Amino acid sequence: MDFSLPYTNEQETFRKEVRSWLAENVPSDLKDPVDPRDFTIELNERWREVHKELGKKGWLYPTFPKEYGGGGLTGDHETIITEEMNRAGVPENFTSGNTLPPMQVWGSDEQKQKFLKPIVTGEKTVWNKLTEPNGGADLANVQGTAVKDGDEWVLNGEHVYVSGRGKPGFLLGPMKTDPDAPRHRNLGYFIIPVPDWNPDTGSTGLDGLSIYEMNLINGHDQHNIVLNDVRIPGDNLFGGETQGWQVAGTTMESEHGGRGKAFPIDTPVENLVEHLGDENSDGTTVGSDPVLQQSAMTAVMESHVQNVLLRRVFWMYQNKHEISWHSGVANVHGRESSLRIESRVREVYGPHALLNSHDPDAPHGGQHEVNARNRAGQNHAGGSTNIGKVVLARRIGISRTIERPAPTPSTASA
Ligand SMILES: Cc1cc2nc3c(=O)[nH]c(=O)nc-3n(C[C@H](O)[C@H](O)[C@H](O)COP(=O)(O)OP(=O)(O)OC[C@H]3O[C@@H](n4cnc5c(N)ncnc54)[C@H](O)[C@@H]3O)c2cc1C
């Protein structure tokens with residue numbers, strides 16, 4: 001019995017169009033480095049130009065409405081575009097994905113034209129500014145303040161671990177607007193323009209706003225952000241003045257896996273399988289060793305389960321289903337299984353797996369070493385694995401608190 005779901009002729013024609021466009025428009029010398037620490041501002045500028053061209057075609061955000069710069073296409077089109085971009089080694093846009101849903105759900109038409117459209121077309125990027133130095137897991141406990149002064153807001157506070165590649169065009173996140181109101185009713189959700197960040201000095205071109213690099217072990221760019229009497233226009237607020245916690249709910253829905261993935265790839269496991277076919281000096285293959293075979297197949301199964309979980313959530317999202325515990329299962333399983341997979345990789349390769357990308361003997365150009373560092377950090381990104389389990393328990397109904405999903409662009413427009 002054949003369970004495969006073949007693409008239609010129309011979809012295969014679209015695939016050819018995407019593939020040939022990428023071949024013609026992505027310079028052949030432009031590559032994403034294996035180690036994010038080797039990503040430079042110059043590379044950022046060059047990729048951003050490619051992203052802008054993709055934006056003009058509507059392929060940077062294929063399913064977003066055309067009126068806000070998207071492609072107005074289907075989830076199937078997005079799957080094909082993602083497959084082809086992965087095949088060609090083209091990185092996705094450099095905006096933190098979880099920043100767009102709150103703008104889509106809570107933004108007025110005017111705000112969407114002003115802030116969302118330049119992001120969807122690739123002109124600007126936006127970073128998720130949530131975590132403060134005294135704690136990130138309890139997001140409702142934001143201490144940074146926003147005070148109204150005439151037609152403007154005056155912002156003060158500090159943030160850490162804010163992820164982003166290259167230079168941001170905007171920062172987005174909650175700040176306390178009413179210090180006397182109870183928890184969950186005291187926040188507003190603000191967008192802050194970053195005219196021109198200089199990574200060497202921290203200056204941003206906006207008075208009082210500074211951004212400094214934090215180089216963590218994973219090598220992904222995380223940042224420390226300081227707001228010292230920063231003034232922004234009154235309409236840079238999504239939702240009402242004290243509705244920030246509800247807006248944050250939409251962000252969290254996305255951050256905790258709420259959109260799934262059209263085409264999940266698992267490069268470490270693909271590399272591992274390839275390695276099993278390599279020949280040993282005695283002519284046998286690596287994969288013929290029964291012990292290594294057991295380890296590797298455990299990794300393959302874990303990866304496959306994660307792939308199915310992510311695709312299910314993507315399908316639910318595209319079909320406007322309310323996604324409850326399903327995204328939580330994918331979120332927590334992904335975090336934990338990827339760490340287990342890294343252990344299996346080290347069992348198969350031995351210490352060799354930890355040679356870095358600058359070592360000519362590093363397997364797969366150093367991918368495993370980068371991934372080992374990255375996976376550890378990812379268990380804290382997005383509110384940590386512990387918090388992922390807290391959310392999951394609430395959704396399944398075994399916690400003291402029962403939680404319903406916040407609106408997402410999919411369910412809000414259903
Ligand atoms: C690689 C990386 C990327 C990141 N990117 C961003 C970003 O783009 N934007 C941004 O704003 N932040 C970002 N963060 C920060 C991240 O969201 C926080 O690290 C996370 O929310 C946890 O906050 P914390 O580190 O302050 O830990 P704390 O809040 O101090 O928590 C400490 C520990 O206690 C656990 N814990 C806390 N409360 C509970 C509870 N109720 N039940 C069970 N366990 C609990 C936590 O899981 C954690 O292990 C990033 C972090 C990393 C490592």
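Below, each value reflects all heavy atoms present in this structure, side chains not excepted, and no hydrogens, waters or symmetry copies. Start at 1 and go down the list; that is how both ligands and their atoms are numbered. Predicted model, so just to flag it, every value in this text is computed and none were measured.
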Ring geometry between H368 and H364 (parallel below 30°, tilted from 30 to 60°, perpendicular above 60°): perpendicular
Cationic tip of R15 above Y7 ring, under 6.0 Å, 45° of axis: yes
Ligand-residue contact atoms, ligand 1 with V162, heavy atoms, under 4.0 Å: 7 (C), 8 (O), 9 (N)
Per-atom contacts of ligand 1 with H380, taking only distances under 4.0 Å to non-hydrogen atoms: 16 (C), 17 (O), 18 (C), 19 (O), 20 (C), 49 (O), 53 (C)
Exceeds 12 heavy-atom contacts within 6.0 angstrom, atom OH of Y161: no
Ligand 1 atoms in contact with S384 (distance to a heavy atom under 4.0 Å): 46 (C), 47 (O)
Per-residue contact class, Q222 against ligand 1 - non-hydrogen pairs under 4.0 Å: side chain
Contacting atoms of ligand 1, where contact means under 4.0 angstrom from a heavy atom of L130: 10 (C), 11 (O)
Spacing of CG belonging to N93 relative to CE belonging to M85, to within rounding of 0.5 Å: 7.5 Å
Numbered atoms of ligand 1 (with element) below 4.0 Å of N128, judged on heavy atoms: 7 (C), 8 (O), 9 (N), 10 (C), 11 (O)
Donor + acceptor pair across side chains of E342, N371 (<3.5 Å): yes
Backbone or side-chain N or O of S163 under 3.5 Å from ligand 1 N or O: yes
Where ligand 1 meets V390 - atom numbers and elements under 4.0 angstrom, heavy-atom basis: 42 (N)
Options N386, I387, D138, L139, ranked by nearest heavy atom to atom 39 (C) of ligand 1, top entry: I387
Polar atom proximity, K129 to ligand 1 (N or O, under 3.5 Å): no
Partners passing side chain to side chain donor-acceptor pair (under 3.5 Å) against H223 (at least two apart in sequence or in another chain): none
Electrostatic pair E84:R87 at N-O distance under 4.0 angstrom: yes
By side chain to side chain donor-acceptor pair (under 3.5 Å) - contacts of W21 (at least two apart): none
Per atom 10 (C) of ligand 1, closest listed option by heavy atom (N98, N218, T131): T131
Nitrogen or oxygen atoms of G136 and ligand 1 under 3.5 Å apart: yes
G382 touching ligand 1 at heavy-atom level, < 4.0 angstrom: yes
Ligand 1 contact on T385 by region, counting heavy-atom pairs under 4.0 Å: neither
ring-ring contact (aromatic ring centres under 6.0 Å, His included) partner of H77, chosen from F64, F14, W59: F14
